[in-house]
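Just so you know, residue 1 is the first one in the sequence shown, and it goes up from there. FYI, side chains are in, hydrogens and waters are out, and symmetry mates aren't considered; it's all heavy atoms of this structure.
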Amino acid sequence: MQVKENFFSNDEVEKLHEMTLEVLEKDGVEMDDDYACDVFRRHGAKVDGHVVHIGRDLVDQALSTAPSEFKIYGRNGKYVTLGEGHKVFAPASGPLFVSRGDDHHSNRAEDYKNFQKMDHTSKIMNMLNPNLIEPQDIERKIVRDYQMAVCLRYTDKPLMGLTTSLQDCQHSIDMTQRFYGSPDDQTVSFGLINPMSPLKYNKTMLNACRYFAERNQATMFPCCSMPGVTSPVTLSSTVVVNNAENLAGIIYAQLIRPGAPVVYSNTSTGCDMRYMTSAIGAPEAVLISFAAASLAKYYNIPCRTGGSLSDAKCVDYQAGQESTLTMLAAMMTSTSFILHSCGVMNSFNTLSYEKYLLDEQNIEMIRKIVNGMKIFTGDKELENISDVGPGGQYISEEHTMEYMYSELYTTRLFNKMGYPSWVKEGKKDAARLAGEKIEERLESFEYPDITKEQESVLREYIGDLYDAI
């Protein structure tokens, strides 16, 4: 028994696809880059100014070359596989603030290093992300190289890349491949190519898409629209607009390099129309995740949705409830890549130490549910029931000792004791229990081994800053 489903019928998915084809051909997608427009034109698309109109044949051609599965490599033989049947968890990307206890402040280098330590030591996190947060106390001209160097120094897990400028693309890929000593065409980086809803890509993102594709590095195209504001208010129409944005990016990558690794991605959420703000922990985000996973499976392309997403401003009931909804949606479906796995709240704007640890536990609990119940049918099970008999107890049974840890999930950061014991222990809530574990977690970090040659690569990019990482 397993709890996995995409929920949309084939008829529903095909209808969304047909509507998307009409949007791509009739309305088109604005590509704010002459080179990209020329590439589409040379492959038969109609181009009106910077608006590219993409026909069915070009969609089919590009989808036929997009790989259904691929690997991203780290070092020491580590890699992750993206594709249906695989779940890859990755950190937050881009919060402006950090919170710990009652302290809420702008990102600092110390926080950046702390969270990379937590990512490396995490039993949940499969990748590290240089764009986790941007330290405000590092010089702007070197901060991107600093972010990449810290990731390379702190982990042997595979890494995401940087797409914030063409130089950042080049440096992040070059630094990683040189540090690993990997072949030029080995996929060691994963870049976010963000559309601008509705139906537009800017020049920076198109340049990044081209560069990553040319170098056989992975890309995804995370739409993040607000229904009723930057996409239609009806969710199915938002999905159609987002699907057109996704396909336009995927097609461009395939035109640049057929077979380039790509991921279908959607992070559109709800919208609170009272304030005109995104609602990333809303039920609409769950429904859009279901649609995205179904469309990606229809196209036979790896999918990214979900995360532990919340609009809460502190680690409270709202934070837990919203994060459970949005993570459960990703883990129940054929979604393969999950960004923002731990610590995100305040509508993507804050990264919380306590919530990070609680989200890890939440993912373990959801994984328990999604993996389902194993049905034991052997004689040992019936013998155990007979041995105890009516009115007995199972506490001292050998069978209980054998299976209690695998069958029963034990939380570390929730209170399960009786009320008097809880009072005696200081009435600690989950956030406080998590807060007490932060230093212990940070102190468990150990640097992976590094060679003199690898150290020299990092010093070449960040100089004496290396001594501070």
Quiz item: How are the rings of Y299 and Y264 set relative to one another: parallel (under 30°), tilted (30 to 60°) or perpendicular (over 60°)?
Solution: tilted
Exercise. Please identify each residue that fulfils salt bridge (Lys or Arg N to Asp or Glu O under 4.0 Å) with D387, with sequence neighbours left out.
Key: none
Exercise. Let me see the working for R153 and E455 under salt bridge (Lys or Arg N to Asp or Glu O under 4.0 Å), right down to the final yes or no.
Key: CA-CA 8 Å; R153 181 66 187 95; E455 179 181 327; over 6 Å; no
Practice problem: Scan side-chain atoms only and decide if E381 and H399 contain a donor-acceptor pair under the 3.5 Å cut-off. | Solution: yes
Quiz prompt | Pair R412 + E364: basic N to acidic O under 4.0 Å | solution = yes
Practice problem: Considering non-hydrogen atoms only, spot the tightest contact between Y112 and P130 and give its length. | Solution: OH-O, 2.9 Å
Exercise. Could you tell me whether Y154 and Y447 have their ring centroids closer than 6.0 angstrom?
Key: yes
Quiz item: So does K437 pair up with E440, basic N to acidic O under 4.0 Å?
Solution: yes
Practice problem: Answer yes or no: is there a side-chain heavy-atom contact under 4.5 Å between Y356 and V344? | Solution: no
Quiz item: Is the backbone of E407 close enough, under 3.5 Å, to the side chain of K368 for a donor and an acceptor to pair up by distance?
Solution: yes
Practice problem: With rounding to the nearest 0.5 Å, note down the distance linking CZ in F89 to CG in N126. | Solution: 7.0 Å
Quiz item: Can you list the steps and then say if D359 with K355 is a salt bridge (Lys or Arg N to Asp or Glu O under 4.0 Å)?
Solution: CA-CA 6 Å; D359 284 338; K355 186 172 182 290; 2.8 Å; yes
Exercise. Inspect the contact between K123 and E360 and indicate whether a charged nitrogen and a carboxylate oxygen are less than 4.0 angstrom apart.
Key: no
Quiz item: Can you tell if the side chain of D311 reaches within under 4.5 Å of the side chain of N346, non-hydrogen atoms only?
Solution: no
Quiz item: Can a donor-acceptor pair be found between the side chains of Y298 and N10 at a distance below 3.5 Å?
Solution: no
Quiz prompt | E84 side chain vs N300 backbone, donor-acceptor pair below 3.5 Å | solution = no
Quiz item: What is the distance from atom SG of C223 to atom CD1 of I288, rounded to the nearest 0.5 Å?
Solution: 10.0 Å
Quiz item: Which of these passes side chain to side chain contact (heavy atoms under 4.5 Å, CB included) with M220: N266, L192, V262?
Solution: L192
Quiz item: Taking only residues two or more places apart in sequence or in another chain, which ones pass side chain to side chain donor-acceptor pair (under 3.5 Å) with Q254?
Solution: T65
Practice problem: Could you tell me whether the side chain of H171 reaches within less than 4.5 Å of the side chain of M148, counting heavy atoms only? | Solution: no
Self-check item: Residue pairs fulfilling side chain to side chain donor-acceptor pair (under 3.5 Å) with at least one residue in residues 422-432, sequence neighbours excluded
Solution: K428-E436
Exercise. Measure across L152 and L159 and return the closest heavy-atom pair with its distance rounded to 0.1 Å.
Key: CD2-CD1, 3.4 Å
Quiz prompt | Short side-chain to backbone donor-acceptor contact, S308 and S341, under 3.5 Å | solution = yes
For residues 327-335, tabulate all N or O donor-acceptor pairs below 3.5 Å that involve a side-chain atom, not counting sequence neighbours.
residue, atom, partner, partner atom, Å
T333, OG1, A329, O, 3.2
T333, OG1, A330, O, 3.3
T333, OG1, T335, N, 3.3
T333, OG1, T335, OG1, 3.0
S334, OG, N6, OD1, 3.2
S334, OG, N6, ND2, 3.0
T335, OG1, T305, OG1, 2.7

Self-check item: Side-chain (E383) to main-chain (G378) donor-acceptor, under 3.5 angstrom
Solution: no
Quiz prompt | Closest contact, heavy atoms only, N129 versus A92 | solution = ND2-O, 2.9 Å
Exercise. Using atom types as modelled and distance alone, determine if a side-chain donor or acceptor of T400 lies under 3.5 Å from a backbone N or O of S396.
Key: no
Practice problem: Consider only side-chain N and O atoms of S231 and N242, and report whether a donor and an acceptor are under 3.5 Å apart. | Solution: no
Quiz item: So do L132 and D119 actually touch side chain to side chain, heavy atoms under 4.5 Å?
Solution: yes
Quiz prompt | side chain to side chain contact (heavy atoms under 4.5 Å, CB included) partners of E443, counting only residues at least two apart | solution = E439
Practice problem: Tell me yes or no: between the side chains of E69 and T81, is some donor less than 3.5 Å from an acceptor? | Solution: no
Quiz item: Do you know which two heavy atoms are closest between A260 and P67, and how far apart they sit?
Solution: O-CD, 3.3 Å
Quiz prompt | Rounded distance [0.5 Å steps], NZ in K117 versus OG1 in T155 | solution = 13.5 Å
Self-check item: Where I338 and G306 come nearest, the two heavy atoms and their spacing
Solution: CG2-C, 4.1 Å
Practice problem: Look at the side chain of S197 and the backbone N and O of T230, then say whether any donor-acceptor pair between them is shorter than 3.5 Å. | Solution: no
Quiz item: CZ/F337 to CZ/F190 distance, rounded to the nearest 0.5 angstrom?
Solution: 4.5 Å
Practice problem: Would you mind checking if K78 and D156 are paired as a salt bridge, meaning a charged N to carboxylate O distance below 4.0 Å? | Solution: yes
Self-check item: N/O donor-acceptor pair under 3.5 Å between D137 side chain and A109 backbone
Solution: yes
Quiz item: Can you tell me how far the CG atom of L309 sits from the CG atom of L325, to the nearest 0.5 Å?
Solution: 10.5 Å
Quiz prompt | Flag for E322-S310: side-chain donor and acceptor within less than 3.5 Å | solution = yes
Self-check item: Heavy-atom donor-acceptor pair, E18 side chain to V13 backbone, under 3.5 Å
Solution: no
Practice problem: Assess the side chains of T269 and S278: does a donor N or O sit below 3.5 Å from an acceptor N or O? | Solution: no
Exercise. Kindly indicate whether a cation-pi arrangement holds for R100 with Y353, taking the cut-offs as under 6.0 Å to the six-membered ring centre and within 45° of the axis.
Key: yes
Exercise. Could you check Y461 against Y466 for ring pair (Phe, Tyr, Trp, His ring centres under 6.0 Å), going step by step and ending with a plain yes or no?
Key: CA-CA 9 Å; Y461 284 91; Y466 177 82; over 10 Å; no
Quiz item: Under 3.5 Å, is there a donor-acceptor pair between the side chain of N243 and the main chain of H17?
Solution: no
Quiz item: D272 and T277: side-chain donor and acceptor closer than 3.5 Å?
Solution: no
Quiz prompt | Non-hydrogen side-chain atoms of D111 and L351 separated by less than 4.5 Å | solution = no
Quiz prompt | Backbone N/O of D185 and side chain of N216: donor-acceptor pair under 3.5 Å | solution = yes
Quiz prompt | Note, H105 side chain near S99 side chain (heavy atom, < 4.5 Å) | solution = no
Quiz item: Between the side chains of R144 and S172, is a donor N or O closer than 3.5 angstrom to an acceptor N or O?
Solution: no
Quiz prompt | Pairs meeting criterion ring-ring contact (aromatic ring centres under 6.0 Å, His included) with involvement of residues 358-380, two or more places apart | solution = F376-Y403
Quiz item: Is there a side-chain contact between L16 and F8 (heavy atoms, below 4.5 Å)?
Solution: yes
Quiz item: What is the distance from atom CD1 of I363 to atom CZ of R367, rounded to the nearest 0.5 Å?
Solution: 7.5 Å
Practice problem: State, without any angle test, whether S9 and E12 hold a side-chain donor-acceptor pair at a distance under 3.5 Å. | Solution: yes
Self-check item: Stepwise salt bridge (Lys or Arg N to Asp or Glu O under 4.0 Å) check, R215 with D174
Solution: CA-CA 10 Å; R215 297 193 61 174; D174 284 349; 2.6 Å; yes
Self-check item: Ring centre gap for F97 and H104 strictly below 6.0 Å
Solution: yes
